[in-house]
Amino acid sequence: MMNISFTALLGFILGLGLFALAVVLNTDSYMMFFSLSSLLMVLGGTLAVAMISFEGINVLLAIREIGATLASAKVNPRKLYEDVGVLIDWSKLVRKEGLRRLENSVVLSRADDENFLGQSFEYLLSGYKGEKLYTLLEHTRQSMYDRRMTQAKVLMTMASAAPAFGMIGTLVGLIIMLNNMEGDPSQIGGGLAIALITTLYGVLMAQLFFKPAAKKVEQKQDLEAYRNHILTEGVYLLAEGASPMHIQDAMNAFLDPRYQFTRA
């Protein structure tokens with residue numbers, strides 16, 4: 001179940017709320033701000049650019065991330081504390097009974113098995129040590145980060161494309177308006193207002209949806225990369241035969257002071 005971030009929700013409400021308030025305070029004709037054709041032009045053009053520029057699976061994943069903009073980050077000080085606790089427990093088991101016992105005793109959750117912790121566990125059981133192990137862990141960490149950051153690139157591309165297609169929609173609207181005027185200047189006001197709606201839609205989508213979603217993906221992946229860096233250091237020490245106390249002290253340097261271990 002997705003945990004909602006209060007600050008993200010508040011920011012989203014403020015963004016839409018202030019826009020709605022500005023409309024309500026200045027006009028009674030609310031429906032003039034709704035145009036299905038303008039909405040379809042901006043959304044369709046933005047999606048078209050994304051699909052031309054990136055693989056389809058990356059576009060779908062990026063769109064899913066828009067819905068996760070309001071979600072809290074999964075990596076937090078408490079989560080890092082729990083991960084370090086796992087490493088300390090592993091080191092105790094390995095020190096007493098060896099790697100074979102660790103393989104038979106540890107059961108990772110499906111989420112952990114599919115992420116960096118699961119991959120690190122496999123490297124550890126395979127007997128990698130020293131620089132070879134550290135290099136493998138670093139390459140895995142970097143490749144995961146680069147692969148998942150593609151979604152942020154997709155969203156930033158969409159954020160750049162949305163205002164552009166809003167402007168294209170405005171130009172199309174202006175051409176239609178001028179063609180239909182038939183020498184009547186009184187039609188300029190209403191026609192121009194309709195033509196500008198696509199630009200409004202493009203800017204709103206870029207600034208309130210696509211850019212925040214891209215920044216949220218970047219933040220999430222930066223936190224995940226930091227977590228994986230901590231795991232890299234811990235697994236490396238574990239493979240080198242470091243004591244639980246040594247691993248604890250080394251890992252405490254990465255943890256928030258509120259979540260540091262006092263003994264191993």
Neighbour count above 12 (heavy atom, 6.0 Å) for Glu55 CD
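Atom CD in Glu55 is not crowded, with 12 or fewer foreign heavy atoms closer than 6.0 Å.
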
What I'd like to find out is whether the side chain of [X] reaches to under 4.5 Å of the side chain of [Y], using heavy atoms alone.
X      : Y      : answer
Phe116 : Leu137 : yes
Val86  : Trp90  : yes
Val217 : Lys153 : no
Val49  : Met158 : no
Thr135 : His139 : yes

Main-chain N/O of [Y] paired with [X] side-chain donor or acceptor, under 3.5 Å:
X      : Y      : answer
Lys216 : Ala71  : yes
Thr198 : Thr170 : yes
Glu240 : Gly130 : yes
Thr232 : Asn228 : yes
Gln260 : Asn252 : yes

Query raised in the report: Looking at Tyr259, Phe261, Phe254, which one forms a side-chain contact (heavy atoms from CB on, under 4.5 Å) with Val84?
Result: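 Answer after filtering Tyr259, Phe261, Phe254: Phe261.
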
Next on the checklist: By the definition side-chain contact (heavy atoms from CB on, under 4.5 Å), identify the one residue from Arg141, Gln142, Arg148 that meets it with Tyr145.
Outcome noted: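 For Tyr145, the side-chain contact (heavy atoms from CB on, under 4.5 Å) test succeeds with only one of Arg141, Gln142, Arg148, which is Gln142.
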
| task | Mind listing the closest non-hydrogen atom pair of Ala22 and Asn26 along with its distance? | result |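 In terms of heavy atoms, the two residues are closest at O-ND2, 2.6 Å.
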
- Query: Between Lys220 and Glu224, does at least one N-O distance fall below 4.0 Å, as a salt bridge requires?
  - Reply: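 No, no charged N to carboxylate O under 4.0 Å.
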
Going only through I, L, V, M, F, W and Y residues with side-chain contacts under 4.5 Å, is there a path from [X] to [Y]?
X      : Y      : answer
Leu125 : Leu93  : yes
Leu231 : Met144 : yes
Val203 : Leu171 : no
Met167 : Leu47  : no
Met156 : Phe210 : no

Item to check | side-chain contact (heavy atoms from CB on, under 4.5 Å) between Phe19 and Leu200, intermediate numbers included | outcome: CA-CA 11 Å; Phe19 169 72; Leu200 174 65; 4.0 Å; yes

- Are a donor atom and an acceptor atom from the side chains of Ser53 and Thr157 found within less than 3.5 Å of each other?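 Side-chain D/A pair, Ser53 to Thr157: absent.
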
Check for me whether the distance between the ring centres of Tyr128 and Tyr236 falls short of 6.0 Å.
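When the ring centroids of Tyr128 and Tyr236 are compared, they turn out to be at least 6.0 Å apart.
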
Apply the test ring-ring contact (aromatic ring centres under 6.0 Å, His included) to residues Phe209 and Phe12: give CA-CA distance (whole Å), side-chain angles for both, the deciding distance (0.1 Å), then the verdict. CA-CA 9 Å; Phe209 292 95; Phe12 186 72; 5.5 Å; yes

### Task
To the nearest 0.5 Å, tell me how far Ser35 OG sits from Met41 CE.
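The CE atom of Met41 is 9.0 Å from OG of Ser35, to the nearest 0.5 Å.
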
**Study point:** Leu155 CG to Thr150 OG1 distance, which is reported to the nearest 0.5 Å
**Key:**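 One finds 11.0 Å between CG of Leu155 and OG1 of Thr150.
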
